[in-house]
Amino acid sequence: MRFLTSAGSAAAYLLPLISAQKVISLAGDAWTLSNPSLNISVPAHLPSQAHLDLYANQVIGNPYYGLNDFNLRWVAWNNWTYTSAPISGLSSNATSTWLQFDGLDTFTSISFCGQHVASTNNQFRQYWFDVSSILSACGSEADRVLAINFGSAPNIANAIAAEPGQETWPYGVQQVYEFPNRWFIRKEQSDFGWDWGPAFAPAGPWKPAYVVQLDVEEPVHIRNSVVDIYRQGQLNNLPPDQTKPWVVNASLDYFGSLPEGATLKYTLMDLDNNTVMSGGMSSVNCTDATVTGETTVPDGSVDLWWPSQLGAQTLYYMTIDLVATTNVTLASVTKRLGFRTIVLNESPISDAQLAQGIAPGNNWHFEINGHEFYAKGSNFIPPDAFWPRVTVEKMNQLFDSVVDGNQNMLRVWASGAYSPDFLYDLADEKGILLWSEFEFGDALYPVNPEFLDNVFQEADYNVRRVNHHPSLALWAGGNELENLELILVNNSAPEELPRYMTEYETLFLDTLLPAVFGNSHSISYTPSSTSNGWLSLNFSNPIPIVERYYNLTPGSVYGETDFYNYDPSVLYNDTAFPIGRFSNEFGYHSMPSLQSWRTQVSEADLHFNSSTVLLRDHHNPSGGLNTSNYANSSTGQAQMTEAVELWYPIPNKTDSVANFSAWCHATQIFQADLYVSEIEFYRRGSGLPNRQLGSLYWQLEDIWVAPTWAGIEYDGRWKVLHYAAKDIYEHVIIAPYYNLATGNLSVWVTSDLWDAATGTATFTWYDWSGSKLPINATSSVDFSIGAINSTQVLQTFTTDILKDYDLTNVVMHMTVEAQGSLPNDNTTRIFRHDNWFHPTALKDAQLVDPALQLSYSNSTKNFTVTATSGVAAWVWLDYPSGSVLNFDSNAFWLAPNGTREIGYTVKSDSTNGAWIDGVTVESLYNQTLST
């Protein structure tokens, strides 16, 4: 397509609705990408990045294939110029002409009509430039060409690092993955490499761009805006009074010439376009860049927005009109929004909480509309190394998998890119809370005035851009700063810790906090994920937050935790897991499926330790530009290997590709097993003194095909992990907790419901062949469980009850059936869950062939799996390539003669349904077979 001209409106969520204004979208294929020194000139697109246009024109191969992340580094080391075709349709009667860029990655020199316009140095900022004088001096329409030269980010980062007097840090503090010096530039930090992804360091106009022409009748253009919805009297980071009316504060960012006396009007409509309220805004204040006003909405006049499984996702449209004194609408912006309060409560434990048995210290949990809830979810990373190919359709599929997986929150990890509006739109619709972060992580950063000002502009723009979304849950300053970076300083140069703590606070408190608190009353801010929370919060101070750091009292519990332990013996070892109020990261890596590997590596490379597979494992990272990182990457491969060998039957298939596939699957089973045991542990903490109220595992999805921590592969295929997490994120669960050394076995029921529930837990013991064992232990227990709580339903010692049995031939099946109701739903329903306990590693278990039978019903469109002989562990339904779907249930166990009917949801299918005939079923027993 060519350039797109719009009058009256522009694309949804890219530009506000603006009446009669001429806006020319520069999106399309009327571009050329060139590098004269390399003799390259090819057709190009906007939005795009150089790698994508080079690939589209067959100058390079698929960047994701094989070892092209190494082979294509020459692209990152070079400069690239995007040049437009002549821009037609520009008016000669406009009062002013502007260029607006919503995202340039990263270092640019911009020219128009052959004249220099400006230079930019921040991937995350919006830029706008008045080019009226340049256009008026432009000779002919053929000369109206826009050129954007993009400098090599790695080269420029190195040059900044080499400047005289440049900031330095103690040895070992700055985490280098591949390209160095990422912390000096405001570009997606993972573009320079991370331990789960490639380092392409792309360049290009990665977001839309426009030419905007203003005239006398429409003299302003709204480039960005913020709508803040909060309870009257609400302050950031503090729970508000839920009986107070809503305050709606709106602020429009504009360029152009605003007529004197302009005002704001609003219309609030439901999604059926019925008007709920309308009128003029009060306290209107106009500056040379913004127009701000507010109104109130009475409590109870709108329905609340709730996260998934906690209530309805009620949304509204609000149109805000900028109106002249003549009552003519100068510009309008419409946003879809919701009414909710979301607070990160880090307040000290109250006397009332102490009386409930909660340990002293501070809270660290989220409250939605005044209610505590258990946050269940994972960590979202950049879904692609090249953001222009991240589509609404891809994210819709991914977010459906989030909801299908019983998750209500994602931590949008720092050091990627700020999420596009459509991602928040999808989260609003589906009820997914997005803990959002500024793009800093695993490093400390400069604090010179130019850097700080650049960061503030970046933060201010993005906070204002997304604040209206009810799915926005939090702003965090960055990733692993207090719990890693400052600790590394203390380990390496303790005498310099005060200096670097001061610099840390200069950026993450003095600079970023005002960008949040200055634009929003509705969102909490914390400077670091992970931390021990704040020590004090005083809004009479210019910077209200004083961080706790390690001012800790023995016996008290503070803050959030993250946890990684690559000794595979950590599985089932509850004593190794951290005790905190919330867990925001934990995990272990696994291999993707054979189907995914085949999309990005050759058949010859389908071996567990082939060079390509090894070098695509970036754990541990090379720490530089080494392209033969066998020593470090073999560490990651070895950790997965050791985990399988310690806990499961070791695959030994005669066919090499089948053996590779079996090993990949075995690593996924260990990953899922470990995550389940940790989630069970954290969720049980909701009823223990630490009052633990959140579990977000690392990580949700893959950026490419490689060994990573992901639960969903690059194309959307679910790993074992995502199925297992879906199961253990059910509302009511039953789980065993076992101390191998002492034989202490307890079983707990955990509920995240907001009201008490009652039910029965049952326990049945088998040998692996399926015979019931007459073990002298409780067979059923009636229980009552409180809101967001846990209760013990079995306590025994295997040294007593199993002393006469061979532990390798004993398993326990536990089930729970409870009556209760979902939050904001008075309907009583039955909640069921089952789980299994085995006292020895499954590699030592006397597994038998469960003789699984698989059938498909053309009438119900469901599969049925039956274990006809023996206990079936880790039953797995697999499907061929060419489609992406998820089964309603997978990676489960079956009791002897047990049957499970399984539905499915197809996300995409190029097989015309033929995938159904390719579905297979296996269990852990198949890992013992040679074929």
Side-chain angles (χ1 to χ4, degrees), residues 51 60-77 152-155 157-158 161 171-183 188-202 381-382 385 415-416 441-443 480 484 488 564-568 587-592 596-597 600-602 604-644 660 663-664 667 671 698-699 702-710 713-714:
H51 287 80
I60 63 174
N62 182 352
Y64 272 9
Y65 193 79
L67 297 178
N68 278 347
D69 58 320
F70 297 156
N71 301 332
L72 298 179
R73 282 181 178 164
W74 63 269
V75 179
W77 290 119
S152 162
N155 278 332
N158 291 344
Y171 175 78
V173 171
Q174 306 296 83
Q175 305 299 298
V176 179
Y177 295 92
E178 292 184 48
F179 291 107
N181 298 313
R182 59 183 170 84
W183 40 86
E188 186 167 357
Q189 299 286 274
S190 58
D191 281 351
F192 277 35
W194 221 266
D195 54 5
W196 37 253
F200 290 107
I381 65 165
S415 301
D442 290 345
E480 295 180 330
L484 176 63
L488 291 174
Y564 295 93
N565 185 333
Y566 295 107
D567 178 350
Y588 205 102
H589 49 307
S590 73
M591 297 278 271
S596 286
W597 275 118
Q600 294 186 9
V601 306
S602 71
D605 289 320
L606 296 177
H607 300 275
F608 198 86
N609 291 311
S610 72
S611 293
T612 299
V613 169
L614 265 173
L615 293 176
R616 287 175 75 100
D617 187 340
H618 291 187
H619 171 70
N620 293 337
S622 65
L625 296 174
N626 172 15
T627 59
S628 56
N629 182 39
Y630 294 107
N632 287 353
S633 62
S634 62
T635 298
Q637 295 296 103
Q639 289 165 349
M640 291 185 289
T641 303
E642 292 165 358
V644 172
F660 174 70
W663 268 97
C664 290
T667 68
Q671 180 191 40
W698 189 269
Q699 67 201 58
D702 264 327
I703 194 173
W704 69 333
V705 176
T708 74
W709 295 254
E713 296 174 8
Y714 178 68

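Note: hydrogens, waters and symmetry copies are ignored here, and every other heavy atom, side chains too, is used.
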Apply side chain to side chain donor-acceptor pair (under 3.5 Å) to [X] and list each qualifying residue two or more places apart in sequence or on a separate chain.
| X | value |
| --- | --- |
| Asn71 | Asn68 |
| Asp567 | Ser569 |
| Asn158 | Asn181 |
| Gln189 | Arg182, Tyr445 |

So, [X] side chain and [Y] main chain: donor-acceptor pair closer than 3.5 Å or not?
| X | Y | value |
| --- | --- | --- |
| Tyr714 | Ala706 | no |
| Ser596 | Val705 | no |
| His619 | Asp195 | no |
| Gln671 | Tyr588 | yes |
| Tyr64 | Pro198 | no |
| Gln175 | Val173 | yes |

Please find the pair of heavy atoms, one from [X] and one from [Y], that lie closest to each other, and give the distance.
| X | Y | value |
| --- | --- | --- |
| Ile381 | Asp702 | CD1-C, 4.5 Å |
| Ala157 | Pro180 | CB-O, 4.3 Å |
| Glu188 | Pro382 | OE2-CG, 3.2 Å |
| Ile703 | Trp196 | CG2-O, 3.5 Å |

If I take atom [atom1] from residue [X] and atom [atom2] from residue [Y], how far apart are they, to the nearest 0.5 angstrom?
| X | Y | atom1 | atom2 | value |
| --- | --- | --- | --- | --- |
| Cys664 | Met640 | SG | CE | 8.0 Å |
| Trp663 | His607 | CH2 | NE2 | 15.0 Å |
| Ser415 | Trp194 | OG | CH2 | 4.0 Å |
| Leu614 | Ser634 | CG | OG | 6.5 Å |
| Thr667 | Phe608 | OG1 | CZ | 6.0 Å |
| Ile60 | His51 | CD1 | NE2 | 5.5 Å |

Run the side-chain contact (heavy atoms from CB on, under 4.5 Å) test against Asn629 and tell me which residues pass, sequence neighbours left out. Leu615, Ser622, Asn626, Asn632, Ser633
I'd like to know whether the aromatic ring centres of Trp183 and Phe192 sit less than 6.0 Å apart in this structure. no
Among pairs that include at least one residue of residues 616-644, which meet salt bridge (charged side-chain N to carboxylate O under 4.0 Å, His left out), considering only residues two or more places apart or in two chains? none
Mind checking whether Phe179 and Trp77 have parallel, tilted or perpendicular rings, split at 30° and 60°? perpendicular
Parallel under 30°, tilted from 30 to 60°, perpendicular over 60°: which one fits the rings of Trp709 and His589? tilted
With a 4.5 Å cut-off on side-chain heavy atoms, are Val75 and Phe200 touching? no
Decide yes or no for Val613 and Trp597: does some side-chain heavy atom of the first lie under 4.5 Å from some side-chain heavy atom of the second? yes
Let's go through Tyr177 and Asp442 carefully: what are the C-alpha distance in whole Å and the side-chain angles of both, what is the deciding distance for side chain to side chain contact (heavy atoms under 4.5 Å, CB included) to 0.1 Å, and is it a yes or a no? CA-CA 10 Å; Tyr177 295 92; Asp442 290 345; 3.1 Å; yes
